[in-house]
Structures are given as C-alpha cells and as structure tokens.
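Chain A is the first sequence line, chain B the second, and so forth, proteins listed ahead of strands; every chain is numbered from 1. Only heavy atoms go into these numbers, but all of them, side chains included; no hydrogens, no water, no symmetry mates.
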Protein chains: 2
Amino acid sequence: MAKVCVPLAEGFEEIEAISLIDVMRRGGIEVIVAGVDKDLVTGANGITVKADTDIKEVKADDLDMVVLPGGWGGTHILAENETVQQLLREMKEKEKIVGAICAAPFALKQAGVLNDRYTCYPSVEEQIGTDGYTDKEKVVIDGNVMTSRGPGTSICFGLAIVRKLVGEDVYEQLKGGLLADYC
Amino acid sequence: MAKVCVPLAEGFEEIEAISLIDVMRRGGIEVIVAGVDKDLVTGANGITVKADTDIKEVKADDLDMVVLPGGWGGTHILAENETVQQLLREMKEKEKIVGAICAAPFALKQAGVLNDRYTCYPSVEEQIGTDGYTDKEKVVIDGNVMTSRGPGTSICFGLAIVRKLVGEDVYEQLKGGLLADYC
C-alpha cells in the first residue's frame with residue numbers, strides 16, 4: 001500500500017488538506033496526517049483537525065510521497081520549519097515524490113525540490129520567482145514533483161495522486177464516485 | 001451577519017463538511033460547527049474535526065440555516081438524533097432554510113422538511129422514496145430547502161448558500177478566488 005504524509009501547520013487551507021487526505025484514503029493510500037509542532041491544528045478558516053502523529057516522527061524511508069496543503073499561514077511555517085524542509089530534501093534525494101497546492105509550492109522552492117514546470121495559486125508564482133509556471137492545467141507533473149492550484153482543484157489533485165500511486169482503474173472509479181467529472 | 005449551523009455526527013463525509021464550512025466562512029457567514037454528542041468527531045475517512053459547540057446548545061431562533069454534510073454513518077445519526085430532527089422541524093416552522101448534501105437529504109426527509117424538488121447522491125433517492133429527484137443540477141433550491149449531490153459538488157453547494165444568504169457580488173468574487181469555475 002502506498003504511504004503519503006500530509007504535514008499540517010497552523011493556518012493550512014482546510015478544503016485543500018481535507019480533500020487530499022479524503023481522496024487519497026478513498027483510493028487505498030495510507031495517509032499520515034502529521035502535525036507541525038501541534039496535535040490539534042487550526043486552519044485558515046478556523047477549522048481544527050487532529051493530527052495522527054507529529055512531523056518529527058515521520059521518516060522519508062517509510063513514505064512514497066509528501067504533499068503540502070496551501071494557505072499562506074501554513075505555507076510560511078512549512079517553508080521555515082527545519083524538520084519539514086529536511087524531510088522534503090530527503091524525499092528528493094531518495095527519488096520519492098513531493099507535491100504541493102496553492103501557496104505551498106513556495107515551500108517546495110524553499111527546500112530546493114521544485115522542478116522546472118509547476119503550477120500554484122495565481123500570483124504565488126511571483127514569490128516563487130522561477131520560470132516554468134503554468135496556469136493552463138489543474139495539476140502539473142514534472143518528474144517526481146506534483147503541483148496544483150487552489151481549493152477548487154484539490155479533489156482533482158488528490159485524484160491525480162491516486163492515478164500516479166495506485167493506478168488508472170482506481171482513479172476512474174473514484175472520480176465517478178466523487179462526482180468530480182470536471183477533473 | 002448570516003448564521004449557519006453545520007451538525008457533525010460520527011461518520012460525516014469530510015470533503016463535504018469542510019468545504020461547506022470553509023466556503024461559507026470565506027463568504028462572511030458565521031458558521032457554528034455543532035458536534036452531535038461529541039466534541040472531537042471522526043469522519044468516514046478517519047479525519048477528526050473539533051466541534052465549536054454541542055448541538056444541544058444550538059437554537060433555531062439564532063440561525064438562518066442548518067446544513068447537513070453527508071456520509072452514511074453521519075446521515076443515519078442525523079436521521080435518528082432527536083435534537084437534530086427537532087432543530088430541523090423548528091427551522092421549517094420558523095420559515096428558515098435547511099440544506100443537505102449527498103446521503104443527508106435522507107435526514108431531511110426523516111424530519112419531514114424535504115420539499116418536492118431535490119437532489120442527493122445517486123441511489124439515495126431510492127431510500128428517500130419520493131418523486132421530485134433530479135440528477136441534472138449540482139444544487140437544487142426548492143423554497144427554503146437546498147440540496148446537493150456529493151463531494152465533487154460541495155464547493156458549488158457552499159457557493160450557492162453564499163449567493164442565497166450574502167449575495168451575488170460576494171458569490172462571484174469567492175467563486176473566482178476558489179478557482180471553482182466549474183460551479
């Protein structure tokens with residue numbers, strides 16, 4: 001079973017985090033919700049979610065992917081937290097997958113693990129400051145880096161991760177079951 | 001400021017609950033997340049969310065709307081819990097708005113507050129057992145009853161509630177900000 005870690009830092013965007021966790025678990029992926037220095041983590045819109053473990057307990061060797069939800073507050077913490085940044089660098093070194101949505105590709109950039117082609121929330125590309133941004137796709141896959149755009153694309157991003165880690169059949173079945181025909 | 005209650009019962013569908021709360025709060029609605037006999041409530045996909053209050057503390061007089069997330073486990077509790085059912089009946093008596101998504105229109109039916117035209121998750125209409133079901137719209141509004149279909153339509157449902165309770169300008173702005181052009 002594929003294993004993915006979703007780090008949750010105070011100020012995370014709730015639709016993005018929950019859609020990713022929900023869709024991946026529906027797709028048969030083992031998802032570890034890892035609190036960044038908190039057990040009960042409150043998102044950008046005041047919704048508090050309980051983490052499964054602390055980010056310090058998470059090891060790159062045990063994972064297939066780390067994917068970051070957006071929200072500016074959460075993204076700044078993910079971009080500055082040494083445990084998260086080290087985990088992202090180890091994932092890259094071990095040729096595993098990293099992903100981020102909305103503002104959070106900025107935290108991938110900070111870790112030096114963002115590849116050339118990517119997407120993110122409109123205007124965040126200015127802060128990322130590299131070429132290769134596109135707003136033409138809901139999900140961009142460049143090698144081992146997957147990125148997406150915002151709350152409205154988060155189910156599609158979860159589905160794209162399921163397609164990559166689990167396969168086309170489960171992806172198609174899940175897309176129908178979620179009523180996400182726009183993905 | 002419009003005030004909406006989202007009851008959370010064990011087994012609720014996480015994308016639906018969180019998308020509704022998140023989108024309504026972004027739209028300037030005061031949202032009360034009310035646990036049904038629990039403070040920390042775990043959804044159908046193992047995500048635990050902290051409630052703001054207990055459903056017993058919620059009064060129809062203080063609210064403009066009650067909206068139910070789906071998930072079969074949560075829906076059965078909402079359909080059988082007397083506090084929730086009484087709240088729904090009081091909302092109808094006071095000519096306030098009730099809403100539900102996915103399996104949860106079944107809980108509206110149990111309370112006797114579902115109007116003629118409605119939508120729900122495919123096949124749930126068989127258990128609801130009344131005419132007036134449609135699968136042609138993401139969101140159906142019939143008088144004071146709003147219904148929607150599933151995880152993939154939950155952002156659109158939140159936006160439709162914002163349009164009804166807050167107005168067209170905020171709806172349009174929010175839809176763009178969420179990158180939910182498919183709604």
Side-chain angles (χ1 to χ4, degrees), chain A residues 6 8 12-27 29-33 39-52 69-71 101-102 119-122 135 138 148-159 174-183, chain B residues 6 8 12-27 29-33 39-52 69-71 101-102 119-122 135 138 148-159 174-183:
Chain A
V6 178
L8 278 196
F12 71 92
E13 211 300 314
E14 294 97 330
I15 292 174
E16 294 166 359
I18 274 47
S19 298
L20 288 169
I21 300 163
D22 185 322
V23 172
M24 290 192 289
R25 285 187 177 159
R26 283 169 173 255
I29 295 171
E30 184 180 342
V31 180
I32 301 164
V33 181
D39 176 42
L40 287 169
V41 194
T42 303
N45 299 288
I47 305 171
T48 299
V49 173
K50 193 172 184 309
D52 301 323
I101 184 168
C102 195
T119 192
C120 60
Y121 194 78
D135 61 2
K138 288 189 172 74
S148 187
R149 311 204 69 220
T153 69
S154 50
I155 286 180
C156 307
F157 192 30
L159 283 168
L174 197 50
K175 183 175 159 176
L178 289 163
L179 312 181
D181 55 354
Y182 47 80
C183 290
Chain B
V6 178
L8 279 196
F12 71 92
E13 211 298 316
E14 294 97 331
I15 292 174
E16 294 165 359
I18 274 47
S19 297
L20 287 169
I21 299 163
D22 184 322
V23 173
M24 290 191 289
R25 284 187 178 160
R26 282 168 174 256
I29 295 170
E30 184 180 343
V31 180
I32 301 164
V33 181
D39 176 40
L40 286 169
V41 193
T42 303
N45 299 287
I47 305 170
T48 299
V49 173
K50 192 171 185 308
D52 301 323
I101 184 167
C102 194
T119 192
C120 61
Y121 194 78
D135 62 2
K138 288 188 173 74
S148 188
R149 310 202 70 218
T153 69
S154 50
I155 286 179
C156 307
F157 192 30
L159 282 168
L174 198 49
K175 183 175 160 177
L178 289 162
L179 311 182
D181 54 354
Y182 47 80
C183 291

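- A/I47 CD1 to B/E14 CD: the interatomic distance, rounded to the nearest 0.5 Å, is 12.0 Å.
- With chain B as partner, the option from A/T48, A/I18, A/L40, A/D22 having the largest number of non-hydrogen pairs under 4.5 angstrom is A/D22.
- For A/V33, no part sits under 4.5 Å from any heavy atom of chain B, backbone or side chain.
- Taking chain B as the reference chain and counting heavy-atom pairs below 4.5 Å, the highest number among A/V49, A/D181, A/T153 is found for A/V49.
- Highest contact tally toward chain A, considering only B/G152, B/G177, B/C102, is held by B/G152 [criterion: heavy-atom pairs under 4.5 Å].
- B/P151 and A/R26 make their closest contact through CG-NH2, 3.7 Å (heavy atoms, listed as atom of the first residue, atom of the second, distance).
- Interface residue B/I155: only side-chain heavy atoms are found under 4.5 Å from chain A.
- Annotation: maximal heavy-atom pairing with chain A below 4.5 Å, among B/S19, B/A180, B/G150, B/S154, occurs at B/S19.
- The distance from the SG atom of B/C156 to the CG atom of A/L179 is 11.0 Å, given to the nearest 0.5 Å.
- Side-chain atoms of B/Y182 never come within 3.5 Å of backbone atoms of A/C183 as a donor-acceptor pair (strictly under, hydrogens ignored).
- Of the inter-residue distances, the one linking B/I21 atom CD1 with A/N45 atom CG reads 10.0 Å to the nearest 0.5 angstrom.
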